[in-house]
Amino acid sequence: MARSLEKIVDVNDEKELWKVVVKIHHKWSVISNNKEHFEMVVYDSKYILFWKVKIGLLGGVNDEDFGSDIHVTVPPVYRQSFDSLFVVNDTYTIANFQVQLNDLLFKPSAHKYLLKFTGGTKVGDKNVHQIQEKAWRLTPFRDILTGKWNKDQLLDVIGVVDEIGYTQAQVGSKKQQVNFVIRDLSNNTITVTLWEACAVQFINYVERQVDTAIPVVILIQYAKVKEAFGKYPLSVTNTYNVTKVAINEDMETIKQFAKMLTQDTIMVVSGLRTQQSQGRSQNSYTSRQSPTQKLLSNVILFPLEKIVKLKDTTFCATVATITKIFASKYGWYYQACHECPNKVTGDKPPYKCVKGHDTETAIFMYKIEVGVLHAGTKCKFVLWDKESEELLEVSVAHMRETMFQAGIFDPLDFPLALDKLLDQELAFKVKWQPDWSNCSVIMLAKDKPIVKESVNEAVPVDDSDIVIVWF
């Protein structure tokens, strides 16, 4: 009499004569000791539909609502026999396999055990059985931020891209990477670092995106969480070969998240700026737009008097005139990290920033605090490197060299050339920071048509029209 089918949830190491019906969820190759084998995650049973759980709004679901999945490894000696047979989303009957304790450092499955093919493993019944598509056991951001996640488990997360940071697109002395922040439906945020193939996939999507008004929803499958520094203590990143990334793909999970994003949440606005090494530059979201579109995109237009009364961090466009240069205790420039916009410390290389990055060469950037005025309202704006150089028409390196030639080496000696900033009426894109009562300048424009257009648009609005960014 043939053996009965069994459930993955019941699999243990007490025997090898198991027989299960599974569907392939994920498959990847691994090279170890110059030998190649492949591994998979397979699952069975029924799965709830994603849209019944608004990840980020509710606290997840019970385990009994899910079917079971398990990690499978196919050793090199059996790779050729099975590699072409197994196709993602196809179903199979698998019988006779070795069961081992799942003691991997990072586990793609929460199952206590994993399956290992042997010479006696039998595979058949391709696509004979019907198994509903696997729902995503998505991890709410608040669980990650509060430490309610298994440290040795690879996670699935979904979010909308909020802001893009350091990007290394080219192959060179450093690995290809991209850093960005994603936001869930409860406006919780986590930072993401993608490396190599996953980074290239993300960068290429951003560069080729035609309709920049469409939110970028990213689903990261089998990601690991690691400790970071600074504003975001934890960071999500990809593993070498297990992690999968889906960006605005025609997947029900992504479509339902995007639908809930537009219908159920506060629309998030973001500067969407890419920090490039050796300076700042606009990323591809804005590079295809006209100067006016860049300035006015993803912000709300406010007069200065309205901005200074906002109680939450908000991205705005406004017009003001620079009237004063503040004598910041840090001076008019700072020594920067080559991987992020943070300040580095140290008397000699390698210089180190708060995120632990080592910088071998000295990189200096403007940071100038100015006072602005519009219609009787005053505020402090922080001008960064790109915007300062645009207005001063000279790089910080050249300005420092000029000061050194005059025998002035202290950054607290503010050069007379900075006075060129004064009395300029400008249109600004800013990030209002109520905790510091100042605005961090994201972009500016001094062309008269843009300034005039912005002045005409920046009229008082009702508080109900405010678009807020939560941090």
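- Using a 4.5 Å heavy-atom threshold, the side chains of Val41 and Tyr43 count as separate.
- A donor-acceptor contact closer than 3.5 angstrom links the side chains of Thr193 and Asn179.
- Contacts classified as salt bridge (Lys or Arg N to Asp or Glu O under 4.0 Å) and involving residues 72-97 (residues at least two apart or in different chains) are given here: Lys27-Asp83, Arg79-Asp83, Asp90-Lys126.
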Subject >> Check against side chain to side chain contact (heavy atoms under 4.5 Å, CB included), Leu114 and Leu104 >> reply: CA-CA 10 Å; Leu114 59 81; Leu104 298 175; 4.2 Å; yes

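- The shortest distance between side-chain heavy atoms of Val225 and Leu155 falls below 4.5 Å.
- Between Lys15 and Glu6, at least one side-chain N (NZ, or NE/NH1/NH2) sits under 4.0 Å from a carboxylate O, which counts as a salt bridge.
- For Phe202 and Phe180, the ring centers sit closer than 6.0 Å to each other.
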**OP:** Would you sort out whether Ile182 and Asp162 count as a side chain to side chain contact (heavy atoms under 4.5 Å, CB included), showing the intermediate values?
**Re:** CA-CA 5 Å; Ile182 57 176; Asp162 190 10; over 6 Å; no

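- Residues Phe38 and Phe82 form a side-chain contact, since some pair of their non-hydrogen atoms from C-beta on lies under 4.5 Å apart.
- Side-chain atoms of Asn248 come within 3.5 Å of backbone atoms of Pro215 as a donor-acceptor pair (strictly under, hydrogens ignored).
- With Gln168 contributing its side chain and Ala199 its backbone, the two residues share no donor-acceptor pair below 3.5 Å.
- Between Met251 and Ala246, the shortest heavy-atom distance links the atoms SD-CB, 3.6 Å.
- Minimum heavy-atom separation, Ile307 to Cys439: CG2-SG, 4.0 Å.
- Contact check for Tyr333 versus Asp385: no side-chain heavy atoms found under the 4.5 Å cut-off.
- Side-chain contact check for Trp195 and Thr237: at least one donor-acceptor pair (N or O, by modelled atom type) lies under 3.5 Å.
- Note that CE of Met40 is 12.5 Å distant from CG of Asp69, once rounded to the nearest 0.5 Å.
- With rounding to the nearest 0.5 angstrom, the CG atom of Asp435 is 6.5 Å from the OG1 atom of Thr313.
- Contact record, Trp28 with His71: CZ2-NE2, 3.6 Å, taken as the closest heavy-atom pair.
- Residues Asn89 and Lys23 share a closest heavy-atom pair of O-CE, 3.1 Å.
- With Asn34 contributing its side chain and Ser32 its backbone, the two residues share no donor-acceptor pair below 3.5 Å.
- We find the CD-CD distance between Gln177 and Glu196 to be 10.0 Å, quoted to the nearest 0.5 Å.
- Residues Asp358 and Tyr351 bring no donor and acceptor atom of their side chains to less than 3.5 Å of each other.
- Annotation: side chain of Val430 is in contact with side chain of Phe381 (closest heavy-atom distance under 4.5 Å).
- In this structure a side-chain-to-backbone donor-acceptor pair under 3.5 Å is missing from Trp18 to Ile8.
- Taking OG from Ser440 and NZ from Lys367, the interatomic distance works out to 8.5 Å, rounded to the nearest 0.5 Å.
- With respect to the salt-bridge test (charged N to carboxylate O, under 4.0 angstrom), the residues Asp44 and Lys7 do not qualify.
- Ring planes of Tyr222 and His26: parallel class, angle under 30° (limits at 30 and 60°).
- The side-chain tip of Lys224 points at the ring of Phe106 from less than 6.0 angstrom away and within 45° of straight on.
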Subject >> Residues Phe364, Tyr334; criterion ring pair (Phe, Tyr, Trp, His ring centres under 6.0 Å); working and verdict >> reply: CA-CA 6 Å; Phe364 295 96; Tyr334 69 102; 9.0 Å; no

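- Side chains of Gln433 and Asn438: a donor on one and an acceptor on the other come within 3.5 Å.
- Annotation: the span from Lys112 atom NZ to Asn102 atom CG amounts to 11.0 Å, rounded to 0.5 Å.
- Of all heavy-atom pairs spanning Phe141 and Val157, the tightest one is CE1-CB, 4.1 Å.
- The side chain to side chain contact (heavy atoms under 4.5 Å, CB included) check on Thr93 picks up Leu5, Lys19, Val21, Asp125, His129, with sequence neighbours excluded.
- Nearest heavy atoms, Cys337 versus Thr359: CA-OG1, 3.6 Å.
- Enclosure of atom NZ in Lys311 is not indicated, since only 12 or fewer non-hydrogen atoms of other residues, nucleotides or ligands lie within 6.0 angstrom.
- Asp152 places none of its side-chain heavy atoms less than 4.5 Å from the side chain of Leu105.
- For the pair Phe117 and Val72, the minimum side-chain heavy-atom distance is below 4.5 Å.
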**OP:** Report the C-alpha distance between Tyr92 and Leu85 in whole Å, list the side-chain angles of each, state the deciding distance to 0.1 Å, and finish with yes or no for side chain to side chain contact (heavy atoms under 4.5 Å, CB included).
**Re:** CA-CA 10 Å; Tyr92 306 83; Leu85 174 63; 4.1 Å; yes

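- Checked against side-chain hydrogen bond (donor to acceptor under 3.5 Å, both in side chains), Gln100 has the following partners two or more places apart in sequence or in another chain: Gln98.
- The side-chain heavy atoms of Phe97 and Thr118, taken from C-beta on, include no pair separated by under 4.5 Å.
- Counting only distance, with no hydrogens or angles, the side chain of Gln201 and the backbone of Val245 share a donor-acceptor pair below 3.5 Å.
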**OP:** Please test Leu444 against Leu383 for side chain to side chain contact (heavy atoms under 4.5 Å, CB included), starting from the C-alpha separation and ending with a verdict.
**Re:** CA-CA 10 Å; Leu444 56 80; Leu383 296 174; 4.1 Å; yes

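- By the 6.0 Å contact criterion, NZ on Lys116 is open, its count of non-hydrogen atoms from other residues, nucleotides or ligands being 12 or less.
- For the atom pair OG1 of Thr91 and CG of Asn127, the computed distance is 4.5 Å after rounding to the nearest 0.5 Å.
- Taking the six-membered ring where the residue is Trp, Tyr366 and Trp332 present tilted rings, their angle falling between 30° and 60°.
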